[in-house]
Amino acid sequence: MDMHTVVVGTSGTTAQDVIAVARGNARVELSATAVSALAAAREIVEALAAKPEPVYGVSTGFGALASRHISPELRAQLQRNIVRSHAAGMGPHVEREVVRALMFLRLKTVASGHTGVRPEVAQTMADVLNAGITPVVHEYGSLGCSGDLAPLSHCALTLMGEGDAEGPDGTVRPAGELLAAHGITPVELREKEGLALLNGTDGMLGMLVMALADLRSLYTSADITAALSLEALLGTDRVLAPELHAIRPHPGQGASADNMLRVLAGSGLTGHHQDDAPRVQDAYSVRCAPQVNGAGRDTLAYAATVADRELASSVDNPVVLPDGRVESNGNFHGAPVAYVLDFLAIVAADLGSITERRTDRLLDKNRSHGLPPFLADDAGVDSGLMIAQYTQAALVSEMKRLAVPASADSIPSSAMQEDHVSMGWSAARKLRTAVDNLARIVAVELYAATRAVELRAAQGLTPAPASLAAIEALRAAGVEGPGPDRFLSPDLAAADAFVRAGKLVAAVEPVTGPLA
């Protein structure tokens, strides 16, 4: 376990804390302020529960059954039953980091003091996280409205000591056994608590936060690989001049152009076409890389703004307000998060598309300006990186399918009470696949571009110091380039791991300085 501790208060959390808990196994503690807020809100709920008037979520049924008033002796059973009935997910198990993010973000809302949950329930949530117990959550079951209902229900089931969960060793066991092994007493839910554990956008938000972190790193890596390809194609770096980007002042565009310019500093390859084989202009995939990469960066910035707002929110229905009212609302609707999840899938697909076009250009002897066909050692006997580009193209094609918005769809549910839903969970799930694919696509360009730069060096040209640093780090990491052995397969999996771990950025920054 990581000894870092994340303290959960009443005012939300940060993306850094979500990642620390989800991926870094950081410990979780409730602040004294949160415990006080939990106790105060619980007093309000208990007072309302004692009154004869029905209050949604406290003394009524749920959804289309909200019109039924539930007698006091049945309310504990009602809360247990909503968890059990809603734990109806199907399909493969969701990744551990996603479930930890989901649980932590639900705890964040519970700790706000707007849900009416008892302090001991919140403490049990923290205890489960700290014990490394991960509820089994399934791929399918959320429409992204009324919260991520089935995923959150499977988490709540674990708090009750029911269902299955994964222990710290990765073994799936009955949740009751895992709780007992770690000295955790299962919770017995009371009025409103079952509903409060289910009604949130926590799954889609957790996946958004992690996708943003991964995409920021990938966009910087993509700027580097675009610069390497420009260099290998003997392109001109004059299109990266700051004064050109200042007259179209999109922040992301300027940042990407600056990254590429820094990578190319000191190159003896750029601009050669203007002397030897006039082209007037480089192809769009080379010349417009800052515009495409930069537009994606700006979309990331907007998505991060939405994520930050959601991280500061208390998403539940009904909610306990400071003046003592318990009010129904629609804040559980996932539309704000679903939209940006879909936006990110679109820009990731476009980044993958322009990346693949540069790779194809590097491999085509008619467009690569003196590089061997397919960057082969002995073209004809050796197919070089021909099929590496096929793999990249297949990934790009899938990225385009994943870019089709999930949030444009809606399927009514709950007997038409919940007649418009966000499909945000689905948007998040396909974005995770898209991010994985994008890392692979960037890795193929890195593999091809570094091979091409090495070939230019063999022709007597001098690559940029940052390019040489990238190649050296790649080889030091065990990523072998094509050589005289005709049966040497492209080491694409190792290149992917290199990019995914942020090693490409780490390799060039000592030369370029910090990149955006």
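Residue indices begin at 1 and follow the sequence shown. In this text, all values refer to a predicted model and were calculated from it rather than measured experimentally.
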Student: Is Glu97 salt-bridged to Arg432, cutoff N-O under 4.0 Å?
Tutor: yes

Student: Does the side chain of Glu398 reach to within under 4.5 Å of the side chain of Asn437, using non-hydrogen atoms?
Tutor: yes

Student: Give a yes or no answer on whether the side chain of Gln392 reaches the backbone of Ile441 with a donor-acceptor pair at less than 3.5 Å.
Tutor: yes

Student: Is a side-chain donor or acceptor of Ser397 paired with a backbone partner of Ala393 at a separation under 3.5 angstrom?
Tutor: no

Student: Answer yes when Arg429 and Glu139 have at least one side-chain N-carboxylate O distance shorter than 4.0 Å, and no when they do not.
Tutor: yes

Student: Are the side chain of Asp419 and the backbone of Pro412 linked by a donor-acceptor contact shorter than 3.5 Å?
Tutor: no

Student: Using every non-hydrogen atom in the two residues, find where Leu198 and Ala156 come nearest and quote the distance to one decimal.
Tutor: CD2-CB, 4.0 Å

Student: Less than 4.0 Å between a side-chain N and a carboxylate O, is that true for Asp202 and Lys108?
Tutor: no

Student: Determine yes or no for a side-chain-to-main-chain donor-acceptor pair under 3.5 angstrom, with Ser353 supplying the side chain and Ala349 the backbone.
Tutor: no

Student: Would you mind checking if Asp491 and Arg475 are paired as a salt bridge, meaning a charged N to carboxylate O distance below 4.0 Å?
Tutor: no

Student: Check Arg27 with Asp127, please: is the shortest side-chain N to carboxylate O separation under 4.0 Å?
Tutor: no

Student: Do the side chain of Ser422 and the main chain of His333 share a donor and acceptor less than 3.5 angstrom apart?
Tutor: no

Student: Tell me if a side-chain donor or acceptor on Glu193 pairs with a main-chain N or O of Arg118 at a distance below 3.5 Å.
Tutor: yes

Student: So do the side chains of Pro186 and Met160 get within less than 4.5 Å of each other, counting heavy atoms only?
Tutor: no

Student: State whether Arg297 and Asp223 are salt-bridged, where the test is any N-O pair (Lys NZ or Arg NE/NH1/NH2 against Asp/Glu carboxylate O) under 4.0 Å.
Tutor: yes

Student: Is there side-chain contact between Arg106 and Leu152, with at least one heavy-atom pair below 4.5 Å?
Tutor: yes

Student: Look at Glu191 together with Arg42 and state whether they make a salt bridge at an N to O cut-off of under 4.0 Å.
Tutor: yes

Student: Hey, is the main chain of Thr13 close enough, under 3.5 Å, to the side chain of Asp17 for a donor-acceptor pair?
Tutor: no

